[in-house]
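What follows is one structure encoded as C-alpha cells, with my remarks underneath.
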Amino acid sequence: MMNKRLSYWQRNQLVIGCLLLIWLFVIFVPVYFALALSKVFIFGWPFSFWMAAIGAPAMFLVIIGWYAWYMNRLDDAQRAQQQEHR
Amino acid sequence: MRAGRVAQAELSSRLWRGYIVYAFGFALLILVLALLEILGLARHWIGYVFLLVTVVLYAGIGIYCRTSDPIEYYVAGRNVPAVFNGMATAADWMSVASFIGVAGTLYLTGYNGLAYILGWTGGYVLVALFLAPYLRKFGRFTIPDFLGARFGGNLPRFVGVFCAVLCSFSYLVAQIYGVGIITTRMTGISFELGIFIALGGMLVCSFLGGMRAVTWTQVGQYIILVIAYLVPVIWLSVKQTGQPVPQVAASAVLQQVTERERELTFDPDERSVRLVWKARADEMQARIDALPESWAEENKKLRLQLLRARANDASMVDVRSLERELSGYPSTVELARTEWSRARDDYAARASPPAPHAEPFTRKAGETTEHVRNNFIAVVLCLVLGTAGLPHILTRSLTTPSVNAARQSVFWSLLFILLLYFMAPALAILVKYEIYTNLVGMTYADLPSWVHAWTAVDRSLIDLMDVNHDGVVQLSEIHIGADVVVLATPEIAGLPYVISGLVAAGALAAALSTADGLLLTLSNALSHDTIFRMVSPSMSAGRRVIVSKVLLLLVAFAAAWVATRTPADILFLVGAAFSFAASAFFPVLMMGIFWKRANKWGATFGMLAGLLTTFLYMIATQAWLRELVLGVPRSVPIDLWWGIQPIAAGVFGAPVAFAVIVIVSLLTPRPDKATEELVEYLRCPD
C-alpha cells in the first residue's frame with residue numbers, strides 16, 4: 001500500500017508539496033483569470049466571486065482535514081514500525 | 001496512554017455538557033429579554049443587561065479557572081481537546097474587524113473585498129502544513145522560546161520578542177478601542193468608562209487564570225459571537241426571500257442587484273446628483289491649483305458669507321454650519337492642500353456610478369485593472385503569510401494534548417471561522433439589495449427609522465443628503481460606512497431591539513476574546529522570554545507566573561491608555577501587524593523546521609531584513625507615515641510599486657526574509673549537533 005522506500009519525513013514532505021500546489025492553484029488561478037471567469041455561472045453566482053467567497057475556503061478546509069487524517073495514519077504506521085524494531 | 005485517553009474522553013464529555021447548558025442558558029436570556037421588551041423594558045436597559053451578563057459570565061469563567069501553575073498558566077495544561085481548541089482559536093482569531101468589518105468591506109468594495117476572506121482563511125493551510133504540529137511537538141510555552149531553542153542564544157529570541165510586541169500591541173489597542181465604541185453604542189455610557197469596564201472583565205479572566213482561563217472563556221465567547229452573527233443574517237434572508245440559507249438567497253438576490261446597478265448607472269436623477277458631486281470635486285481641484293493665494297481668498301470669502309448670513313437673518317442652521325466651517329478652516333497652506341485633496345477625492349468617488357458588485361477588480365480613477373489585480377494578489381499573499389505568523393494564533397496550537405490533535409485543531413478552527421466568513425458575502429449582498437431597492441427612490445419624508453437611529457449615533461456610519469433637492473433618495477446621496485452593515489442588520493430586517501443588543505454583545509465577545517489572547521502573548525513574551533530567559537533564569541516557577549501577571553496588568557493599562565488617546569489610523573496599524581508577522585515570523589519559523597542548515601545569524605538577520613523592507617515600503621507609500629518620518633507633505637503623490645498598497649507591504653518583506661536567511665546561513669557556520677537533533681526530534685511523530 002505504501003511506498004516502502006520513502007521515509008516518514010520524505011513522505012510527509014511529498015504530501016505537503018502536493019497539497020501546497022493544490023492550495024496555490026485554488027487561490028491564484030481563479031483570481032488571475034477572474035475577469036474571464038466572472039462570465040461563467042455556478043449555483044447562480046459568477047464563478048470567480050463564488051470561488052473566492054466559498055469554493056476556495058471550502059477547499060482549504062478539505063486540504064487541512066485530509067492532511068490531519070493522513071498524517072494521523074502515517075504516525076500510527078511509523079509508531080508501529082518503531083515498536084517492531086525494538 | 002490508555003488511562004490518558006479515558007481521562008481525555010471524560011473531560012471532553014464534561015465540556016460538551018457544560019457548554020451546551022451554557023448555550024441554552026444564553027438562548028434563554030435572549031428569550032427573557034425579548035419578553036421583557038414586549039412588556040416595555042427600555043432599550044438601554046437591554047444594552048446594560050447584555051453588557052453586564054456577558055462580562056460577568058467571562059469573568060466568572062476566569063475566576064473558576066484561576067491558576068498559578070506554570071503549565072496551566074502558559075499552555076492551559078496541554079489538555080484542550082481539538083474541537084474546543086478550534087473554537088477558542090476561532091474566537092481568538094475573529095476580532096471586531098472580522099465580526100463587523102468584513103461584511104462592511106464586502107458591501108463597499110464587492111469582489112475586491114474578497115481578498116480578505118481568501119487571505120484570512122488560506123493562512124490556516126500554512127499553519128496546518130508547516131507550523132502547528134511542529135510547534136506542538138516542541139512543547140514549550142511561546143514562539144520566541146522556539147526561536148531561542150532552535151537557533152541558539154538570546155539574539156534570535158530577543159528579535160522574536162521585539163517582533164511579537166510589534167505585531168500584537170497595535171492589534172490589542174485596536175481591540176480595546178473597538179470595545180470602547182461598542183459599549184458606548186450599546187449602553188450610551190462614556191467611551192473611557194466602557195473601556196475600563198471591559199478591561200475589568202478581561203483582566204479578571206487572563207490575570208487569574210492565564211491561558212487556561214482564556215481558553216475556556218474564548219470557547220464561551222465563540223458560542224455567543226456565532227449566535228449573534230447567524231441569527232440576524234438568517235432572519236434577514238428569510239424575510240427577503242423566504243429562504244433560510246443565506247448563500248442561496250444571496251445568489252438569487254445578486255442578479256437583481258446587478259440589474260439594479262445597471263439601471264441606477266443610467267438613471268437621469270442619479271446622473272444629476274453625480275454631476276453635482278463632480279462640480280464640487282472640480283471646485284476643490286481649482287482651489288488646490290490656485291494655492292497659496294486661494295487659501296487666504298477662501299478664508300475671506302467664508303467670513304463674508306457668514307457676515308452676510310448674520311446680517312440677512314439667515315436660518316440658525318446655515319449660520320451654525322458656516323461658523324463650524326470657519327472654525328475648522330485649515331490653519332496653514334499645507335494643511336489646506338491636504339484637506340482639500342481629501343475632499344476632492346471624496347467628491348470624485350461619489351461622482352462615479354455604482355461599481356458592479358460581483359465584477360472583479362473594479363477600479364477607481366487613476367488605477368488600471370492590472371494594478372487592482374496585483375494589489376488583490378498581494379493582499380491575499382500578505383494576509384496568508386501574516387495569518388500563519390501571528391504569535392497569538394500560533395500559541396493556541398501549543399495547548400492541544402498531542403501533535404495530531406494540533407493538526408485536527410487547525411481543521412476545527414477553520415471550520416468555526418468559516419461559519420461566519422461564509423455568511424459575510426451573503427449578508428453584504430442582502431443588505432445591498434435592501435438599500436438599492438427600498439431605500440433608493442424613497443422620499444425623505446418617510447425614511448425608515450433605522451436610518452434616523454444610526455444617523456443620530458454617528459454620521460460617518462450612514463448619512464443622507466438631498467443634494468439635488470428633489471425630496472427623493474438617490475443612491476449617490478447615500479453615504480454608508482462599513483460598520484453599519486452588520487450593526488444595522490437587525491433593524492433592516494425588522495427584528496426586535498433585543499437582537500440589536502445581541503449583535504453588540506457578539507461584537508464585544510469578538511473584541512474581548514482577541515484582546516485576551518493578545519494580552520497573554522504580549523505579557524508572556526515580556527516576562528517568560530525576556531525576564532525569565534534572559535535576565536534571571538534562576539527564577540522559581542511560582543515567581544515566573546507572578547511576574548507574568550504583573551506585566552499583564554501593565555500591558556493592559558498601557559494599551560487602554562493608548563486606546564483612549566484615539567491613535568491616528570487604527571485600521572492601518574492592524575493591517576500593518578499582518579505585514580510584520582508575514583515578514584518577520586513565518587519565514588524564520590518555517591525555515592527553522594524545514595531547513596536544518598538555517599542558523600542563528602541567518603534567522604536574526606532574516607527577521608530584521610524582512611521587517612526593515614516592510615517598514616521601508618510603508619514609509620515610502622503611506623502618506624501620514626511618510627510625513628512623520630521623512631517630512632514629505634501628504635499631498636505629494638505616491639508612487640506605488642505595481643499598484644501594491646502599503647497595507648500589503650509584507651509581500652516585499654517575506655521574500656527578502658527568506659533570501660537573507662538562506663544567504664547568511666550559508667555564509668556562517670552550520671548549527672551544532674544538538675540543534676540538528678532538535679530538528680530531527682520535531683519531525684518525528686510523538
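Excluded from the calculations below are hydrogen atoms, water molecules and symmetry mates; all remaining heavy atoms, backbone and side chain alike, are included. First the proteins, then the strands, lettered A, B, ... as listed; each starts at 1.
For a residue to count as touching a neighbouring chain, one of its non-hydrogen atoms must lie under 4.5 Å from one of that chain's; by this rule B:V380 touches chain A with the side chain only. For B:L118, the parts lying near chain A are the backbone and the side chain together; criterion is any non-hydrogen pair under 4.5 Å. With a threshold of 4.5 angstrom between heavy atoms, B:L126 approaches chain A through side-chain atoms but not through N, CA, C or O. Heavy atoms closer than 4.5 Å to chain B are found in the side chain of A:I63, but not in its backbone. Contacts between B:V127 and chain A at a heavy-atom distance below 4.5 Å are absent for every atom of the residue.
Interface check for chain A: of the options B:L415, B:V403, B:I417, the most heavy-atom pairs under 4.5 Å are formed by B:L415. Ranked by heavy-atom pairs under 4.5 Å with chain B, the first of A:F28, A:F60, A:F41 is A:F60.
In this structure, the side chains of A:I54 and B:P425 stay at 4.5 Å or more apart for every pair of heavy atoms.
Within residues 15-22 of chain A, the residues having any heavy atom less than 4.5 Å from a heavy atom of chain B are, in residue-number order, A:I16, A:L19, A:L20.
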Can you pull out the donor-acceptor contacts between chain B and chain A, under 3.5 Å, including backbone atoms?
unit_1, atom_1, unit_2, atom_2, d
B:G122, O, A:W23, NE1, 3.2
B:Y134, OH, A:N12, ND2, 2.8
B:S251, OG, A:F43, O, 3.4
B:Q255, NE2, A:G44, O, 3.3
B:R373, NH1, A:Y32, O, 3.1
B:N404, ND2, A:N72, OD1, 3.1
B:R407, NH1, A:D75, OD2, 3.4
B:D686, O, A:R79, NH1, 2.3

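Closest non-hydrogen pair, A:V31 versus B:I377, comes out as CG1-CG1, 3.8 Å. Here the closest non-hydrogen pair linking A:P57 and B:I117 is CG-CG2, 4.2 Å. The shortest heavy-atom contact between B:L254 and A:P46 is CD2-CD, 3.6 Å.
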